[in-house]
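Note that these values count all heavy atoms, side chains included, but never hydrogens, waters or copies made by symmetry. Computed from a predicted structure; not experimentally measured. When a ligand or atom number is given, it counts from 1 through the structure's own listing order. Heads up: numbering here begins at 1 and tracks the sequence.
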Amino acid sequence: YPPELIRNFSIIAHVDHGKSTLADRLLELTATIKKGHGQPQYLDKLQVERERGITVKAQTATMFYKHRTNGDDHSEGKDSPSFLLNLIDTPGHVDFSYEVSRSLAACQGVLLVVDAAQGVQAQTVANFYLAFEANLTIVPVINKIDQPTADPDRVKAQLKSMFDLDPSDALLTSAKTGKGLEQVLPAVIERIPPPPGKSDSSLRMLLLDSYYDEYKGVICHVAVVDGILRKGDKISSAATGQSYEALDIGIMHPELTPTGILLTGQVGYVVSGMRSTKEARVGDTIYHTRNTVEPLPGFKPAKHMVFSGLYPADGSDFEALNHAIERLTCNDASVSITKETSTALGLGFRCGFLGLLHMDVFHQRLEQEYGAHVISTVPTVPYIFEYSDGSKLEVQNPATLPSNPKQRVTACWEPTVLATIIIPSEYVGPVITLCSERRGQQLEYSFIDSQRAFMKYRMPLREIVVDFYNELKSITSGYASFDYEDADYQQSDLVKLDILLNGQPVDAMSTIVHNMKAYRVGRELVEKLKKVIDRQMFEITIQAAIGSKIVARETISAMRKNVLAKCYGGDVTRKRKLLEKQKEGKKRMKRIGSVDIPQEAFHELLKVS
Ligand code: GDP
Ligand code: MG
């Protein structure tokens with residue numbers, strides 16, 4: 001396959017607009033997978049992806065497709081040429097836009113999928129700009145035209161007014177009924193340019209992703225930008241200078257399929273005896289050891305937006321959690337991990353995530369794939385504090401601040417984001433109110449068409465992390481769509497809010513909040529905690545404090561009755577169920593001082609803004 005017969009493209013879209021289903025259909029159409037293989041969203045391989053119905057990891061598949069181009073000799077006996085197509089299915093959720101931008105680096109074009117009924121949504125906008133800024137060819141696909149409320153003409157008008165895309169370029173499809181799908185691959189071949197690399201240049205491969213396989217070791221996904229890779233070649237990493245041998249190379253078709261050679265412009269996998277994914281740095285350039293090359297531009301490093309502590313729940317130990325985390329981070333290099341100690345919770349880890357969903361998914365994978373039981377502390381965003389000696393520090397854990405920062409801190413900054421919100425126009429009022437409660441500053445307010453408003457806000461990241469999306473959804477009956485990108489830091493009046501149980505501060509429950517909101521947040525935190533902490537054999541006082549000032553207080557009175565007393569004489573199964581439930585709950589308990597705290601306590605804290 002010379003580069004002229006190769007096309008590399010991504011499918012990008014807002015969540016649920018049909019990327020993974022469209023990918024299924026294209027894999028079937030090219031007989032890469034069997035029709036009716038019984039597993040929709042074939043490329044969503046992780047259990048979390050299947051349960052949540054979302055794509056978390058970008059996945060590549062190679063397809064072969066015969067296509068007759070216009071310039072072809074149509075005379076008899078001449079076969080139309082077979083093209084090699086690399087399709088990358090990407091996640092739609094904002095937390096994973098890092099996966100999207102990495103995928104785009106291996107592509108020359110995208111299918112921009114838009115739901116024919118919902119029209120352009122916030123992540124459509126974000127993904128469009130990722131592709132546009134990367135100078136990729138954009139093929140608009142209006143999908144789900146089978147729906148009764150589909151309105152493709154309206155979507156065409158939106159594509160024109162928002163992105164200046166020619167409405168006549170849009171393909172109309174239904175990934176469900178199959179209508180219009182036959183136009184997709186011809187459009188990919190005719191409109192998207194072949195990869196620009198040179199076969200006769202020295203080998204340069206871009207390392208796109210890596211994961212750990214029990215049998216093969218580290219598997220790297222690569223895009224061959226220039227040159228040719230053959231099995232057995234000696235290769236080196238530009239980032240680490242280490243050398244390896246290409247032991248097994250091939251394509252994802254859709255499973256790993258050895259080919260012995262990877263040509264210019266191809267996307268494939270390489271197994272080279274790397275022992276840990278730490279050696280496989282995403283964005284690295286791999287080249288032939290015998291040559292010297294100019295490294296490829298690579299990627300901006302992933303930016304961690306939220307941090308939280310991870311601790312073993314009672315009954316599971318630190319070493320087991322350590323092992324599970326090490327294994328999982330082999331497959332998700334976008335999490336940052338450092339060890340930390342908490343007075344309340346003992347030995348644990350401070351983890352940096354790309355967003356809350358990313359954090360949730362990481363927890364779920366730890367439990368499902370590695371059987372770890374964890375307690376996670378309230379997420380925080382990375383603040384910057386300047387101390388009186390002039391030093392500036394990024395604070396990823398509120399517990400590391402002195403209780404009364406006012407004494408030593410001269411200034412603080414908090415991270416902000418640029419938020420894009422798209423809503424039906426009748427919800428404009430409530431959304432503006434919500435955004436200003438969340439300390440947002442409106443930058444733009446316009447209309448996509450007669451029914452939809454488009455707003456841009458600069459907002460403190462913290463206000464978005466704390467349950468913003470749920471609230472936005474609820475005040476707009478689910479119609480709002482939302483996306484954000486990180487922006488600069490802004491100076492802000494921040495204080496540390498401590499929680500005390502029976503007079504003892506619990507370091508793992510400290511948060512940093514805006515001074516203006518501190519009293520209300522303190523009050524609400526204490527009330528929430530009262531609801532989720534079970535009564536115990538003694539009275540518990542819960543307090544919120546700023547420095548030495550108590551701003552809220554609640555008491556949980558001591559338990560009188562045995563938990564089984566209500567079942568006395570009752571049937572045995574019910575009693576057993578109750579005991580089991582209690583045991584189940586215990587897994588996620590942590591004793592702090594003498595008080596048993598359930599995981600929900602930390603979850604509830606997260607919902608207070
Ligand atoms: P993704 O988040 O963009 O990957 O979206 P999925 O491919 O997971 O699809 C989201 C939902 O839309 C699934 O329930 C699909 O079955 C459904 N869906 C996808 N394409 C179509 C279509 O053309 N018509 C209809 N009616 N539903 C579709
Ligand atoms: Mg998907």
Side-chain angles (χ1 to χ4, degrees), residues 9-29 32-33 35-61 87-101 103-104 107 110-128 130-131 138-156 159 170-185 187 254 355 357-358 360-361 422 469 473 478-479 481-483:
F9 67 102
S10 276
I11 308 186
I12 57 176
H14 191 74
V15 178
D16 269 355
H17 283 196
K19 291 176 294 294
S20 299
T21 311
L22 181 65
D24 278 356
R25 294 293 97 79
L26 298 178
L27 292 174
E28 287 170 6
L29 206 109
T32 311
I33 57 175
K35 219 181 183 132
H37 48 76
Q39 191 164 278
Q41 285 98 30
Y42 180 86
L43 294 175
D44 289 346
K45 290 173 184 157
L46 302 173
Q47 191 181 348
V48 263
E49 293 182 319
R50 308 215 132 266
E51 280 175 15
R52 295 175 180 238
I54 55 166
T55 307
V56 168
K57 279 211 77 92
Q59 290 289 351
T60 309
L87 168 160
I88 308 184
D89 182 22
T90 63
H93 194 280
V94 47
D95 283 17
F96 305 109
S97 61
Y98 187 59
E99 287 277 320
V100 179
S101 47
S103 308
L104 295 186
C107 293
V110 296
L111 297 177
L112 179 69
V113 177
V114 185
D115 182 311
Q118 287 190 14
V120 170
Q121 297 291 322
Q123 274 123 47
T124 320
V125 180
N127 285 327
F128 167 82
L130 284 179
I138 294 167
V139 179
V141 177
I142 301 177
N143 186 38
K144 303 202 190 184
I145 52 166
D146 59 288
Q147 296 177 108
T149 50
D151 188 353
D153 287 337
R154 195 172 133 226
V155 181
K156 281 184 188 172
L159 291 173
L171 308 176
L172 302 187
T173 64
S174 165
K176 188 176 173 190
T177 66
K179 198 161 178 220
L181 291 179
E182 71 289 345
Q183 321 156 57
V184 177
L185 293 178
L357 178 66
H358 183 216
D360 263 10
V361 164
I422 295 181
Y469 190 41
K473 280 269 185 199
Y479 284 117
S481 76
F482 167 67
D483 195 273

Open item on the list: Taking 4.0 angstrom as the limit and counting only heavy atoms of K19, give me the atoms of ligand 1 inside it, by number and element.
Closed with: 1 (P), 2 (O), 3 (O), 4 (O), 5 (O), 7 (O)

- [ ] Tell me which one of K144, H93, E49 gets a heavy atom nearest to atom 22 (C) of ligand 1.
- [x] K144

Open item on the list: Residue-level breakdown please: for T21 versus ligand 1, do any non-hydrogen atoms fall below 4.0 Å on the side chain, on the backbone, on both, or on neither?
Closed with: both

Open item on the list: Regarding ligand 1, does G18 bring an N or O atom to under 3.5 Å of one of the ligand's N or O atoms?
Closed with: yes

- [ ] Rounded to the nearest 0.5 Å, what's the gap from CD on Q118 to NE2 on H14? Could you check?
- [x] 6.5 Å

Task: Backbone or side-chain N or O of V15 under 3.5 Å from ligand 1 N or O - done: no

Open item on the list: Determine whether a donor-acceptor pair (N or O, by modelled atom type, separation under 3.5 Å) exists between the side chain of D146 and the backbone of S174.
Closed with: no

- [ ] Indicate yes or no for a side-chain donor-acceptor contact from S10 to the backbone of I12 under 3.5 Å, with no hydrogens or angles considered.
- [x] no

Open item on the list: Evaluate T173 for polar contact with ligand 1, using N/O atom pairs at a separation under 3.5 Å.
Closed with: no

Open item on the list: Which residue is it: L29, I11, T173? I am looking for the one with a side-chain contact (heavy atoms from CB on, under 4.5 Å) to V184.
Closed with: T173

Task: Region of A13 engaging ligand 1 - heavy atom pairs below 4.0 Å - done: neither

TODO: Just let me know how K176 lines up against ligand 1, side chain, backbone, both or neither, with a heavy-atom cut-off below 4.0 Å.
DONE: both

TODO: Could you pull out all residues at least two apart from D115 that satisfy salt bridge (charged side-chain N to carboxylate O under 4.0 Å, His left out)?
DONE: K144

Task: Pairing residues for Q183 by the side chain to side chain donor-acceptor pair (under 3.5 Å) criterion, not counting sequence neighbours - done: none

Task: Proximity winner for atom 24 (N) of ligand 1, if only heavy atoms of D16, D146, L181 are counted - done: D146

Task: Minimum heavy-atom distance between K156 and I142, given as atom pair plus value - done: CG-CD1, 3.8 Å

